[in-house]
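Residue numbers begin at 1 in each chain, while the letters A, B, ... track the order of the sequences.
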Protein chains: 2
Amino acid sequence: METADTKERILEASQALVQVRGFNAFSYRDLAESVGIRTASIHYYFPRKDDLALSLVRRYHEGFRQILRQIESREVRSEGRLASYLNLFSSLSEDGLRLCLFGVFSADAASLSEEVLMEIRAFCDTNVDWVSKVLKAGQKEGAFSFSGSPLELARGIFALMEGELLVRRALRAPGPPPGIPPVVRALLSCRGDGPFAATDHIP
Amino acid sequence: METADTKERILEASQALVQVRGFNAFSYRDLAESVGIRTASIHYYFPRKDDLALSLVRRYHEGFRQILRQIESREVRSEGRLASYLNLFSSLSEDGLRLCLFGVFSADAASLSEEVLMEIRAFCDTNVDWVSKVLKAGQKEGAFSFSGSPLELARGIFALMEGELLVRRALRAPGPPPGIPPVVRALLSCRGDGPFAATDHIP
DNA sequence: GTCTATACACAGATAGAC
DNA sequence: GTCTATCTGTGTATAGAC
């Protein structure tokens with residue numbers, strides 16, 4: 001096992017811990033056990049817990065951007081792009097236990113450094129901007145029909161997905177959320193035929 | 001100062017700490033300092049931290065129900081009722097730092113007892129049922145126009161508000177959220193004239 | 001009911017051997 | 001790079017005086 005691999009395994013394991021428990025509710029000990037190494041080894045890669053948080057959110061953000069690019073190259077129509085986007089959140093927590101890293105870090109914002117907060121803000125912007133772009137294009141295509149600012153609507157859709165994850169966890173409702181696509185469809189006055197296929201996953 | 005008063009002050013202070021920092025990110029020491037007593041005194045009222053969590057969420061839920069009743073008696077039209085409801089969340093965090101207790105506890109769900117989780121589920125149900133009722137009535141009055149299940153839509157609106165609080169905190173956007181009323185208006189195809197007055201506050 | 005004092009486990013973090 | 005060993009601060013929680 002080389003260096004990069006251990007680092008990657010730490011990131012992988014800690015992301016799961018963060019998404020399920022929250023950033024303040026797991027320790028380097030938990031993480032070390034999960035990876036199968038000692039806490040000191042984690043400190044070698046991430047001297048402070050905040051370094052880990054920063055790497056986590058940057059990695060997550062980058063992974064998200066990559067998926068958005070994949071969606072764009074695979075889905076041509078705006079409707080398909082939006083459906084894939086929404087599905088990203090549904091597939092995020094098939095067990096209904098994982099939250100989006102954005103939601104967790106926003107909830108735990110008080111204990112995070114300014115650097116990490118800047119990154120989660122950037123993540124939010126990436127999402128809202130991307131959805132806004134899709135909405136605008138869809139409006140031109142005639143796929144969506146809405147009045148009001150695409151940016152406001154996009155922010156609403158992003159907030160809706162983040163909130164829906166909270167609701168699903170609280171209600172212990174696994175699987176694709178039954179309520180979300182209809183809500184968004186109502187928002188955009190589009191038909192949205194057929195079930196949404198779950199294809200993309202956040203790495 | 002009698003017993004009841006100290007207990008109440010503890011609840012008041014701890015609610016603020018939970019909403020701003022999260023349940024795992026404040027200690028009995030922080031709380032004691034905030035109230036002006038010693039940690040042992042807190043343990044007298046709430047032997048374990050989970051007891052505190054349970055009292056907090058029950059109190060919060062009850063306060064919420066009371067406000068919902070107040071809204072019903074004050075606002076006759078469904079549109080006014082919904083506007084007041086949405087405003088509840090906006091006024092929640094005028095500084096953009098406080099989350100709804102539901103959001104915090106859902107985010108920290110992994111470290112809470114089953115009893116507390118049942119209470120936050122009940123809180124969620126209270127909200128969704130209430131909004132659903134308003135939507136149905138508004139549809140009859142002709143104030144709202146939407147297709148699809150009122151319950152699904154209500155859950156979407158609740159999720160939207162919870163998610164919007166996360167977004168506002170991350171973006172450090174204080175005051176009434178500029179994006180929310182338009183989104184809900186789009187969702188319900190209603191006009192929603194005039195600014196929403198901030199009157200109710202969660203106790 | 002509130003306090004002082006304290007127990008005990010665990011947190012994040014570091015030094016230094018291998 | 002990974003380990004053992006350890007430091008120091010802080011967490012929840014309790015015993016018992018007042």
Side-chain angles (χ1 to χ4, degrees), chain A residues 1-57 104-105 107-117, chain B residues 1-57 104-105 107-117:
Chain A
M1 292 295 178
E2 312 88 274
T3 289
D5 198 47
T6 298
K7 194 167 185 174
E8 188 55 29
R9 282 193 304 152
I10 293 172
L11 288 168
E12 191 68 26
S14 57
Q15 180 176 320
L17 285 169
V18 169
Q19 288 181 293
V20 173
R21 296 197 206 168
F23 188 69
N24 294 307
F26 80 96
S27 66
Y28 268 36
R29 194 165 307 183
D30 301 322
L31 182 50
E33 278 171 23
S34 174
V35 177
I37 52 176
R38 300 291 174 167
T39 62
S41 303
I42 300 175
H43 279 285
Y44 172 78
Y45 294 101
F46 307 100
R48 313 162 139 271
K49 208 182 178 186
D50 196 72
D51 299 322
L52 178 59
L54 191 59
S55 289
L56 270 179
V57 65
V104 178
F105 280 130
D108 288 335
S111 36
L112 297 170
S113 71
E114 196 53 42
E115 260 186 312
V116 175
L117 295 180
Chain B
M1 292 295 179
E2 311 90 272
T3 289
D5 199 46
T6 299
K7 194 168 185 174
E8 188 55 29
R9 283 193 303 153
I10 293 172
L11 287 168
E12 190 68 26
S14 57
Q15 181 176 319
L17 284 169
V18 169
Q19 288 180 294
V20 174
R21 296 196 207 169
F23 188 68
N24 293 307
F26 80 95
S27 66
Y28 269 35
R29 195 165 304 182
D30 300 323
L31 182 51
E33 277 171 23
S34 174
V35 177
I37 53 178
R38 299 294 174 164
T39 62
S41 304
I42 301 176
H43 280 286
Y44 172 78
Y45 295 103
F46 306 101
R48 314 163 136 273
K49 208 182 178 186
D50 195 73
D51 300 322
L52 178 59
L54 191 57
S55 289
L56 269 179
V57 64
V104 179
F105 279 130
D108 288 335
S111 36
L112 297 171
S113 71
E114 196 53 43
E115 261 186 311
V116 175
L117 294 181

Nucleotide [N], atom [atom2] - distance to [atom1] of [X] in whole Å:
X      : N       : atom1 : atom2 : answer
I42(B) : dC3(C)  : CD1   : C1'   : 13 Å
E33(B) : dG11(D) : CD    : C1'   : 14 Å
K7(B)  : dT2(C)  : NZ    : C1'   : 16 Å
D50(B) : dG11(D) : CG    : P     : 18 Å

Quick check against the 3.5 Å criterion: does S41(B) have a side-chain atom that pairs as donor or acceptor with the backbone of I37(B)? no
With sequence neighbours left out, write down each residue that passes side chain to side chain contact (heavy atoms under 4.5 Å, CB included) with E115(A), or none if nothing qualifies. L54(A), R58(A), S113(A)
Test of understanding: with side chain to side chain contact (heavy atoms under 4.5 Å, CB included), list the residues that count as partners of V18(B), not counting sequence neighbours. F23(B), F26(B), L56(B), L101(B), V104(B), F105(B)
N or O in side chain of Y44(B) less than 4.0 angstrom from dT14(D) OP1/OP2: no
Does R21(A) pair with D30(A) as a salt bridge, N-O distance under 4.0 Å? yes
At under 4.0 Å between heavy atoms, how does the protein contact nucleotides 4-9 of chain D? Give one character per nucleotide, 5' to 3', with B, S or -. B-----
Measuring from atom NZ of K7(A) to atom CD of E12(A), what distance do you get when rounded to the nearest 0.5 angstrom? 15.0 Å
Could you list the residues that satisfy ring-ring contact (aromatic ring centres under 6.0 Å, His included) with F46(B), not counting sequence neighbours? none
Counterpart residues, side-chain hydrogen bond (donor to acceptor under 3.5 Å, both in side chains), relative to S111(A) (two or more places apart): N24(A)
V35(A) vs I42(A) side-chain heavy atoms within contact, under 4.5 Å: no
Hey, what are the protein-to-nucleotides 9-12 of chain C N/O distances that come in under 3.5 Å?
unit_1  : atom_1 : unit_2 : atom_2 : d
dA11(C) : OP1    : S27(A) : OG     : 3.0
dA11(C) : OP2    : R29(A) : NE     : 3.3
dG12(C) : OP1    : K49(A) : NZ     : 3.0
dG12(C) : OP2    : Y28(A) : N      : 2.8

